[in-house]
Amino acid sequence: MSTHSIPKGTRDFNAIEMARRNYIFDTIRSVFKLYGYVPIETPAMENLSTLLGKYGDEGDKLLFKVINSGDYLGGVDEKVLVAKDSARLLKDISEKGLRYDLTVPFARFVVQHRNEVVFPFKRYQIQPVWRADRPQKGRYREFYQCDVDVIGTASLLNEVELVRITDEIFTRLGIKVLVKMNNRKILSGIAEIIGEADKIIDITVAIDKLDKIGIDGVNKELSEKGLSESTIDKLQPILNLGGSNREKLEKLKVVLTSSAIGIKGIEEITTIFAYLDHLGLSTQVQLDLTLARGLNYYTGAIIEVKAKDVEMGSISGGGRYDDLTGIFGMPGVSGVGISFGADRIYDVLNELNLFPSETEQATKVMVANFGDKEEIAGLKFLQTLQQSGIPSEMFPEPSKMKKQFGYADSKKIPYIVIIGSNEVESGIFQLKNMLTGEQELLSPEKIIEKLK
RNA sequence: GUGAUCGUAGCUCAGUCGGUUAGAGCGUCAGAUUGUGGAUCUGAAGGUCGCGGGUUCGAGCCCCGUCUUUCACCCCA
């Protein structure tokens with residue numbers, strides 16, 4: 001066993017895996033482009049001041065911090081070192097961190113380039129992010145997110161567009177999904193009417209687990225978070241809400257009638273569903289009041305996508321944030337976006353065997369190498385093949401045919417062109433079909449025509 | 001961060017109660033009439049048994065630590 005390996009939660013990708021990953025990225029990217037989004041990229045590292053405090057306490061813990069270069073301990077106060085106060089020491093020895101998601105760097109980007117971007121700004125971004133989480137199923141420390149966001153417009157048409165994009169992408173990939181939608185304003189309204197507005201985060205995190213731990217588990221957790229018996233009682237009708245999306249909203253309207261913000265949330269989501277009704281998407285969109293999402297910058301719609309046929313965390317998630325840029329000094333700009341988790345989508349496609357087989361083939365024809373002047377003839381023909389746009393390669397050494405054919409075989413190259421001394425003399429080459437074993441003498445032009 | 005779990009050849013795995021030189025299959029490489037692959041046959045190479053310490057006459061096997069894998073919790077794509 002080699003002593004060299006890679007950090008926990010990171011992975012190498014071989015050629016087959018890359019072909020499959022690129023299939024996912026290409027699919028997602030082409031849909032993003034189709035809907036009018038433009039790409040940007042931001043650095044792997046951001047200043048810690050940009051990152052800290054945006055993802056909640058838990059998020060801060062999961063941020064990879066980058067230690068300062070050089071003598072990073074040199075200027076540190078001895079008292080701080082002796083005290084072993086990690087949080088305090090961190091400020092002195094680290095000022096950068098690896099990005100945790102693409103949304104916060106995007107907000108920073110928008111603020112920093114506010115004079116260059118035209119609003120509404122529709123951007124997509126496909127890059128890796130890092131989280132110092134403990135790896136497990138569907139969870140990595142380095143993984144790719146594919147984000148689409150529109151910023152600078154409060155129109156709910158954007159939420160509708162995100163659902164359409166989601167529908168389009170998963171339809172193309174062949175994954176059956178359930179889109180769950182909720183609205184933070186509804187959650188705020190609920191917290192308000194039960195008189196616990198400041199406990200909104202605790203409440204949402206608890207009811208988010210309804211699926212997993214059941215109603216009793218949720219109630220227990222709420223009680224542990226310091227909610228009184230009577231407050232928890234008030235929550236029960238909301239937790240037990242059933243029926244269609246429309247029915248749920250009707251009932252909720254009654255419950256939240258005294259909460260202005262709650263009513264606003266209901267109006268928003270009702271509007272979105274009304275738009276969606278006109279479109280007839282194949283993907284099911286469900287109002288899920290237990291959907292909370294921990295990220296505390298969301299203020300309106302919250303969206304989460306789950307694969308129907310695989311046991312796995314969400315494969316996409318997003319929502320509206322009214323004031324993310326405000327933290328960076330540019331208030332009043334509303335944005336909404338969704339992130340597709342490429343690595344989890346990979347795991348889903350893999351588990352369901354949904355990768356198309358043609359994603360694996362690369363080289364279409366290999367020119368066998370006979371050395372000497374045959375090799376020169378082969379090289380020239382290789383050049384012609386490539387100029388004609390045919391993915392091709394020549395074996396780099398005049399090895400035995402057994403070895404050269406074996407190479408083509410293991411690389412699943414479907415054709416071999418044989419240019420030996422006879423062929424150089426006649427100018428007519430052998431084209432061998434590796435699948436059927438058939439072989440025919442053809443002019444170079446005919447070969448190209450056939451392979452194109 | 002908490003609790004489990006895994007680690008033996010490139011890969012998948014055997015390895016008895018602690019006993020002498022650690023095995024198999026697949027793969028790789030080399031051959032089986034030098035211009036033809038997949039199949040078959042022959043042969044070869046390949047191991048600090050994750051790493052470090054301990055117990056023992058003796059450790060792949062037992063104990064401790066550590067790293068990694070997988071899984072659950074927390075949280076999340």
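Numbers restart at 1 for each chain; the letters A, B, ... are given by sequence-line order, proteins then strands.
- When the C1' atom is used for both B:U12 and B:G7, the distance is 14 Å, rounded to whole Å.
- Under the salt bridge (charged side-chain N to carboxylate O under 4.0 Å, His left out) criterion, A:Glu423 pairs with no residue at all, not counting sequence neighbours.
- A:Asp372 meets the salt bridge (charged side-chain N to carboxylate O under 4.0 Å, His left out) test with no other residue; sequence neighbours excluded.
- By the salt bridge (charged side-chain N to carboxylate O under 4.0 Å, His left out) test, A:Glu375 pairs with no residue at all, sequence neighbours left out.
- The same atom, C1', is picked in B:U16 and in B:G60; the two are 13 Å apart, to the nearest Å.
- Rounded to whole Å, the distance from CZ on A:Phe143 to C1' on B:C75 is 11 Å.
- Taking 4.0 Å as the cut-off between side-chain N and carboxylate O, A:Glu393 and A:Lys411 count as a salt-bridged pair.
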Got a list of protein N/O to nucleotides 28-30 of chain B N/O distances below 3.5 Å?
none

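- Going from atom CG of A:Leu62 over to atom C1' of B:C76 covers 8 Å, rounded to whole Å.
- Applying the ring pair (Phe, Tyr, Trp, His ring centres under 6.0 Å) rule to A:Tyr407 yields the partners A:Phe395; only residues at least two apart in sequence or on another chain are considered.
- Residues A:Asp12 and A:Ile6 share a closest heavy-atom pair of N-CD1, 3.8 Å.
- Rounded to whole Å, the C1' atom of B:G46 lies 25 Å from the corresponding atom of B:A39.
- Within 4.0 Å of A:Glu142, counting heavy atoms only, lies no atom of the nucleic acid at all.
- A straight line from CG of A:Leu441 to P of B:U36 spans 16 Å, rounded to a whole angstrom.
- Side-chain contact between A:Phe429 and A:Val367: absent, with no pair of heavy atoms (C-beta onward) separated by less than 4.5 Å.
- Taking 4.5 Å as the limit, every side-chain heavy atom of A:Ser314 sits out of range of all side-chain heavy atoms of A:Val305.
- In this entry the distance linking CD1 of A:Ile28 with C1' of B:A77 reads 11 Å, nearest Å.
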Taking N or O atoms only and anything under 3.5 Å, show me the protein contacts with nucleotides 69-73 of chain B, one pair per line.
unit_1: B:U69; atom_1: OP1; unit_2: A:Gly9; atom_2: N; d: 3.3
unit_1: B:C71; atom_1: OP2; unit_2: A:Lys137; atom_2: N; d: 2.7
unit_1: B:A72; atom_1: OP2; unit_2: A:Gln136; atom_2: OE1; d: 2.6
unit_1: B:C73; atom_1: OP1; unit_2: A:Lys212; atom_2: NZ; d: 3.4

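- Atom P of nucleotide B:C76 and atom CZ of A:Arg131 are separated by 9 Å, given to the nearest angstrom.
- Aromatic ring centroids of A:Phe340 and A:Phe170 lie under 6.0 Å apart.
- Against RNA chain B, the stretch residues 314-328 of chain A makes heavy-atom approaches under 4.0 Å through A:Ser314, A:Ile315, A:Ser316, A:Gly317.
- In this structure, the CG atom of A:Leu291 is 14 Å from the C1' atom of B:A77, given to the nearest Å.
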Contact state string [nucleotides 38-46 of chain B, B base, S sugar-phosphate only, - no protein heavy atom under 4.0 Å]: B--------
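- Partners of A:Glu46 under the salt bridge (charged side-chain N to carboxylate O under 4.0 Å, His left out) rule, at least two apart in sequence or in another chain, are A:Arg108.
- Between A:Arg141 atom CZ and B:C75 atom P the separation is 18 Å, expressed in whole Å.
- RNA chain B is contacted by no residue of residues 123-130 of chain A, taking any non-hydrogen atom closer than 4.0 Å.
- Between A:Phe109 and A:His113, the angle of the ring planes lies from 30° to 60°, which puts this pair in the tilted group.
- Taking every heavy atom of both residues into account, A:Pro391 and A:Ala362 meet most closely at CB-O, 3.5 Å.
- In this entry the distance linking CD of A:Glu375 with C1' of B:G35 reads 16 Å, nearest Å.
- Within a heavy-atom distance below 4.0 Å of RNA chain B, no residue of residues 304-311 of chain A is found.
- Not a single donor-acceptor pair, N or O on each side, falls under 3.5 Å between the base of B:G35 and the side chain of A:Gln439.
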How does RNA chain B look in dot-bracket form if you count Watson-Crick and G-U pairs under 3.5 Å, write [ ] for pairs that cross, and put | where a base pairs with another strand? ((((..(..((((.....[...)))).(((((.......))))).....(((((..]....))))))..))))....
